[in-house]
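Below, all heavy atoms of this structure are taken into account, side chains as well, without hydrogens, waters or symmetry copies.
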Amino acid sequence: MPKKLEHYVAIAASMVAVDKKRDEANKAYDRMDHNEWDLPSGLQTVQWIRRKVNTGPSTDLATGVRVLSSLDENVTIQPLASNLETKQKVNGWERSLKWLMVQANRRRQGPVKQSFVKSALKYDEIVAQVVDLDYQIAQKDIFGGDTQREKAARRHYGRYAVIVYHPNDVHVRYSNLMPEAVLLRQERTAQSVRDEWGDKANRRSDLKGMAEKNENVIYNDYMDYHDRVIWCEPVTETGEAGASIQIMREEHNLPFLPWITRVGGDTMERAPEHRRRPLLYHDYTSGSWENQNVIETIVLSDVIKKSVAQVGKEEGPMPIEARTTQTDFGPDSSSPIMHVTPGDTYTPLPTPPIDRAMVELADRLSAERSQGTLSQVLKGGDIPSGMSFAALNLNTLTAAGALKPAKELAENAMADAFALFMCWAGYTENSIQSYGDDGPDEIPWDEYDPENLYITVELKPDVALDRQQRANVAVVLLQAGIMSKEQALEYMGETDPQKIIQQIYMERMLDAYMEVQTALMVQDLMPQPEAPPGQEQGIPGQEMGMEAIQGMMAGAPGGPGFNPQQGGLPPAMGAPGATREGVSGEDMMGNEMMLGMGGV
């Protein structure tokens, strides 16, 4: 039985108070991303100052989002059995989940994955709500809510909606086991609340009056594992919330929270703003971004000021108001001539030099800041000439390591979204329908246990060297016999290795069949020589000598795994004895090689 509304209002106030410092830090990260910076009070009164904002934070965030969200994610559902039939079924489920996410992306400005990655990089926290439109439509029909919008969204964009929120709008109460309660608190129009909740909101005359006046309210949606309570608070002239207007207060009976709440960092820090360690954390705590903006502003303004400085001086007995000095620029301004007042002397002044110490200080601050964020390699910086592939690959992988915390956080959030898709289907007993290249597919709600769902997601960095290196490693391990074809394809990022292996087998069978048919056609067209009496017809190619076979077996290994230009090993390291003398058994003069003299 839900408690009184005042109980939940007090809980919400305490949750908001706990996250106050976190919200301040997130607002600072937003200002860095939006390049919002104000001049210090001491510089605002200087007329020649021109504001210069360092775009490093916004560039770092944009680079991280591009690297981690450009390629398709790899979804893996751990099968409960190792037989081929179960693996094929699970692979079909993975394709269905990806199809659902594609449909959910169509209803948004950007893909869900992109929002997850940006939230992980920027705030080290991801909060989102997974809505089952079929369930929401059924619930709104019960209390007379307006379902026209939900039905239109269901018809055009699929069954599920993933709503990603700014972390400052969501407050989560955590325990040592899991998230215990979620509070969504944001400012909305009173009319949007009435549209969303129908009769439950329309029966409140005070909310109706605010909607007619186009006023905003503070919308609160509290949910734990037992109750869901929704209320609004009018926004007063002072900006504070007024008396609470209850819309719903009841038990929801869901066996799960339809929320994705993921936080990075660790629990070794007590303050919430320090538990989270986003990409711009060091810029925020150290003030390096503000310092760099001040230095770059002064350097830029000083250069502009000196570019219009006085270029000469005129001296003489003539008073200033009586001087007639003027410059004749001529018809094309190519050879200006200065006519100085008679009796006066004009002396050119040297151009004021730029303060090199300030420029060097700005460069040092920029280099110091880049050490805690992203390398220029990921941003597309210039590559030094003559750098080997191995060195470039190592630098790229090392630079991508700075994105690993945010990458893992976004992967876990994506896995939670896919798991909630299946949890909704299991709870409503409504199977998931999808479509693909092979036609319609389905995830039956009664063929899996929501309590034993193990889903993992891999975000593949959009780095060409990483993809090429993965392919080379897979080929080498497959040739060495320590990795199966299925494992190699999964390592390369393929989501359905069994289907690819089956296609390869079918293509090989077709190629072999065509080769046999071609050989039979050639045999029918060409006359066959008769064998001498008492001698049987031999098999073509059987007369190959042992020297040719030994030569083939002793050859140096090839392929991308032994190509230094593609990150592989030199061929000599794969077969040290595959030299000219080692294969032929003779030196350059034709003498037989002896053991211990360079031979075998």
Side-chain angles (χ1 to χ4, degrees), residues 25-36 53-75 98 101-102 104-129 162-170 260-265 276-284 289 366 369-381 395-418 456-467 493:
N26 289 343
K27 291 179 181 179
Y29 301 142
D30 288 336
R31 290 193 295 269
M32 294 181 193
D33 184 24
H34 303 156
N35 297 320
E36 298 175 355
V53 181
N54 181 268
T55 60
S58 60
T59 304
D60 292 338
L61 292 174
T63 301
V65 172
R66 174 186 59 80
V67 171
L68 294 180
S69 63
S70 297
L71 302 181
D72 292 337
E73 67 274 7
N74 184 11
V75 184
K98 293 186 67 175
M101 186 60 72
V102 171
N105 291 336
R106 293 176 57 214
R107 72 174 80 249
R108 295 169 38 84
Q109 277 189 300
V112 174
K113 173 179 55 180
Q114 178 176 321
S115 298
F116 281 2
V117 170
K118 185 172 184 179
S119 185
L121 289 168
K122 193 174 180 181
Y123 311 111
D124 203 18
E125 183 174 5
I126 300 173
V127 285
Q129 187 178 17
V162 182
I163 307 173
V164 186
Y165 291 100
H166 192 288
N168 284 12
D169 293 335
V170 182
I260 301 170
T261 57
R262 286 284 179 175
V263 180
R276 298 160 176 82
R277 296 296 180 97
L279 187 64
L280 307 179
Y281 172 80
H282 300 287
D283 290 334
Y284 170 68
W289 184 65
S366 178
R369 188 195 160 275
S370 63
Q371 292 178 359
T373 53
L374 297 184
S375 172
Q376 292 293 332
V377 176
L378 294 179
K379 299 179 184 180
N395 289 340
T396 303
L397 296 180
T398 303
L403 300 174
K404 187 176 180 181
K407 174 176 176 291
E408 294 178 349
L409 185 62
E411 289 173 345
N412 292 331
M414 290 291 293
D416 291 344
F418 291 124
T456 59
V457 174
E458 180 187 7
L459 298 180
K460 295 172 288 185
D462 187 14
V463 181
L465 299 179
D466 180 73
R467 298 194 299 270

Find the distance between [atom1] ([X]) and [atom2] ([Y]) and round it off to the nearest 0.5 Å.
| X | Y | atom1 | atom2 | answer |
| --- | --- | --- | --- | --- |
| E36 | K27 | CD | NZ | 12.5 Å |
| M32 | L279 | CE | CG | 10.5 Å |
| F116 | L459 | CZ | CG | 10.5 Å |
| M414 | R262 | CE | CZ | 13.0 Å |

Provide the closest heavy-atom pair for [X] versus [Y] in the form atom of the first, atom of the second, distance.
| X | Y | result |
| --- | --- | --- |
| R277 | D124 | N-OD2, 2.8 Å |
| N54 | G56 | OD1-N, 2.9 Å |
| L409 | A120 | CD2-CB, 3.7 Å |
| K113 | L68 | CD-O, 4.5 Å |
| L121 | V65 | CD1-N, 3.6 Å |
| E73 | K98 | O-NZ, 3.1 Å |

So, [X] side chain and [Y] main chain: donor-acceptor pair closer than 3.5 Å or not?
| X | Y | result |
| --- | --- | --- |
| T261 | V127 | no |
| S119 | S115 | no |
| Q129 | I163 | no |
| D33 | Y29 | no |

Stepwise side chain to side chain contact (heavy atoms under 4.5 Å, CB included) check, V75 with M101: CA-CA 11 Å; V75 184; M101 186 60 72; over 6 Å; no
Neighbour count above 12 (heavy atom, 6.0 Å) for K407 NZ: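 For K407, atom NZ is crowded (more than 12 foreign heavy atoms under 6.0 Å).
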Side chain to side chain contact (heavy atoms under 4.5 Å, CB included) between L280 and W289, worked out: CA-CA 9 Å; L280 307 179; W289 184 65; over 6 Å; no
V162 and R107: CA distance, side-chain angles, deciding distance, side chain to side chain contact (heavy atoms under 4.5 Å, CB included) verdict: CA-CA 9 Å; V162 182; R107 72 174 80 249; over 6 Å; no
Check: N26/Y284 side-chain N/O donor and acceptor closer than 3.5 Å: no
